[in-house]
Amino acid sequence: MTQTTWTKMTFNSIINYGLLFDYVFVYKGTYLTSAARSQANDHKLHEGTVIGHFNGEFWGIFACHQLVGNLLTLALLKDGAEGSTSGTTLLFTVFLGSMTLGTVLMSFLNKRDGEETEGEKDSSLGFYTLLVSLWKQVMTPLCDLRLVLIVPLIAFSGLQQAFVWAEFTKYYVQLFLGESGVGGAMAVYGVFDAICSLAVGRFTSGLTSITFIVSGGAFLQGGILIWLLSYSEPTGVLRVVYPLLIAAIWGIGNGVLMTQLNALLAMLFKQNMEGTFAQLKLWQCASIAVVFFLSPYILLQTMLYLMLAALVLSLAGFLFLVLKVEKVLLVVNS
């Protein structure tokens, strides 16, 4: 790879996937939560249930990009002579059209009556004062013990995603199915991610349901990590079945974490949604970066042990949070 190509890829990653992507997702969480609360108030519905349904439907549809994107890539890209690839221009055009359509559709989103974000409240302030206000808005949630206890689970969700993208596809899918099998495995991952997101979103109604769903997903992912620690090369048809099965279970785990984390933050932090969802993306992206930076320097077994330790720590913190919040609710209701 030439220095020019590397520079372009780095710049594109920082601007498109770092700044713009995270900015959109922070305000996506804020708007989705506000829309869910408005829907619940307008139709006299249980707020937690509506938040769960909205998050399940959003993340279910979002997860479909794994399937659609991999199928488009498979259909449009063709291997040429001397390792070259044709069809990239057409593929980029399709992706650009999809992005443009999404941007146009966003313009039809309506602001809810009486809804005003912190950024809008501070829009009349000076630039320096605005920066200080935004900094406080982002950092204030870290003073809340509830968010501190959720951060390990947020970080694990990022670790899990990066592990699937970087390690699982390299050491399991590509090894047994070849490079051509990576797209199929990630499509399976996306399908089960979407199905799980839609399913668990329907069952999410409050802290109790989130606790059961997250615990179930954690034990499922813990089982996969333990299996991978003792994984031996399969033979026959199992060489195809096992990687796809593991991809499906990772997809289920990701669907659980994304829907439940967003619903949990929406239910617990009503006063500073922008700052809270900013923390969600901050810790997810930081943990994703950790995996990609460490993967060339540590063994796969070491990475699996780190993942398992992070899962245990995050589940312990989450369960402690549940006990703490439930105790507060009992005191308030008594």
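Classification of the Phe58-Phe62 ring pair by plane angle, with boundaries at 30° and 60°, yields parallel. Taking the six-membered ring where the residue is Trp, Phe176 and Tyr231 present tilted rings, their angle falling between 30° and 60°.
Screening residues 295-318 for side chain to side chain donor-acceptor pair (under 3.5 Å), with sequence neighbours left out, gives no hits.
Taking 4.5 Å as the limit, some side-chain heavy atom of Leu265 sits within range of a side-chain heavy atom of Leu147. A 4.5 Å side-chain heavy-atom check between Leu245 and Ile249 finds at least one atom pair inside the cut-off. Counting heavy atoms from C-beta on, the side chains of Arg37 and Lys270 come closer than 4.5 Å. Residues Leu319 and Ser215 form a side-chain contact, since some pair of their non-hydrogen atoms from C-beta on lies under 4.5 Å apart. Counting heavy atoms from C-beta outward, Leu321 and Leu268 have side chains that approach closer than 4.5 Å. With contacts defined as side-chain heavy-atom distances shorter than 4.5 Å, the pair Gln279/Ile154 does not qualify. The side-chain heavy atoms of Val200 and Gln260, taken from C-beta on, include a pair separated by under 4.5 Å. With contacts defined as side-chain heavy-atom distances shorter than 4.5 Å, the pair Phe163/Leu304 qualifies.
The shortest non-hydrogen separation linking Tyr189 to Gln161 is OH-CG, 4.4 Å. Here the shortest heavy-atom pairing between Gly255 and Ser197 reads CA-OG, 3.4 Å. Across Ala162 and Phe292, no two heavy atoms sit closer than the pair CB-CE1, 3.9 Å. The minimum heavy-atom distance linking Ala194 with Cys64 is given by the pair CB-SG, 3.9 Å. The shortest heavy-atom contact between Ser34 and Met273 is OG-CE, 3.5 Å. Nearest heavy atoms, Val240 versus Pro243: O-CD, 3.5 Å.
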Would you please test Gln284 and Gln160 for side chain to side chain contact (heavy atoms under 4.5 Å, CB included) and show each step? CA-CA 10 Å; Gln284 277 185 339; Gln160 175 259 329; over 6 Å; no

For this session: Take Ile288 and Trp165, measure what side chain to side chain contact (heavy atoms under 4.5 Å, CB included) needs, and give me the verdict at the end.
Result: CA-CA 10 Å; Ile288 289 173; Trp165 299 334; 4.0 Å; yes

Give the intermediate values and the outcome of side chain to side chain contact (heavy atoms under 4.5 Å, CB included) for residues Phe156 and Leu313. CA-CA 9 Å; Phe156 178 79; Leu313 175 64; over 6 Å; no

(Q) Evaluate Leu177 against Leu244 for side chain to side chain contact (heavy atoms under 4.5 Å, CB included), listing each step before the verdict. (A) CA-CA 10 Å; Leu177 303 182; Leu244 296 181; 4.2 Å; yes

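For Val68, the side-chain contact (heavy atoms from CB on, under 4.5 Å) partners are Leu72, not counting sequence neighbours.
Rounded to the nearest 0.5 Å, atoms CE (Met267) and OG1 (Thr204) are 6.5 Å apart. One distance of note links CE of Met186 with CG of Leu67; it measures 11.5 Å at 0.5 Å rounding. Interatomic distance, CD of Glu167 versus OG1 of Thr169, reported as 8.0 Å (0.5 Å rounding). Note: Leu145 CG to Ile150 CD1 = 10.0 Å, rounded to the nearest 0.5 Å. Here the straight-line distance linking atom CG of Leu300 with atom CG of Leu229 works out to 8.5 Å at 0.5 Å rounding. To the nearest 0.5 angstrom, Ile51 atom CD1 is 9.0 Å from Leu32 atom CG.
No close placement of the Phe212 and Phe203 rings is indicated, their centers lying 6.0 Å or farther apart. The six-membered or imidazole ring of Tyr242 lies near that of Trp227, with a centre-to-centre distance under 6.0 Å.
Hydrophobic clustering, with ILVMFWY side chains joined whenever heavy atoms are under 4.5 angstrom apart, keeps Leu257 apart from Ile61. Residues Ile226 and Ile224 fall within the same hydrophobic cluster, defined by Ile, Leu, Val, Met, Phe, Trp and Tyr side chains chained together at heavy-atom separations under 4.5 Å. Neither Val312 nor Met307 shares a network with the other; the hydrophobic side chains, linked directly or stepwise wherever heavy atoms of I, L, V, M, F, W or Y lie under 4.5 Å apart, form separate groups for each. Clustering ILVMFWY residues whenever any of their side-chain heavy atoms sit less than 4.5 angstrom apart, transitively, puts Met258 in a cluster other than the one holding Leu198. Residues Ile298 and Leu159 share a hydrophobic cluster, clusters being chains of Ile/Leu/Val/Met/Phe/Trp/Tyr side chains in contact below 4.5 Å.
Side-chain atoms of Thr93 come within 3.5 Å of backbone atoms of Thr89 as a donor-acceptor pair (strictly under, hydrogens ignored). No donor-acceptor pair under 3.5 Å is formed between the side chain of Arg146 and the backbone N or O of Phe269. The main-chain N or O of Ala155 is found under 3.5 Å from a side-chain atom of Ser287 such that the two form a donor-acceptor pair. No donor-acceptor pair closer than 3.5 Å links the side chain of Asn254 to the backbone N or O of Trp250.
The environment of CZ in Phe95 is crowded: more than 12 heavy-atom neighbours from other residues, nucleotides or ligands sit within 6.0 Å. Heavy-atom contacts from other residues, nucleotides or ligands closer than 6.0 Å to CZ of Phe192 number 12 or fewer.
Considering Asn55, Leu45, Asn41 in turn, Leu45 is the only one that fulfils the side chain to side chain contact (heavy atoms under 4.5 Å, CB included) rule with Val50.
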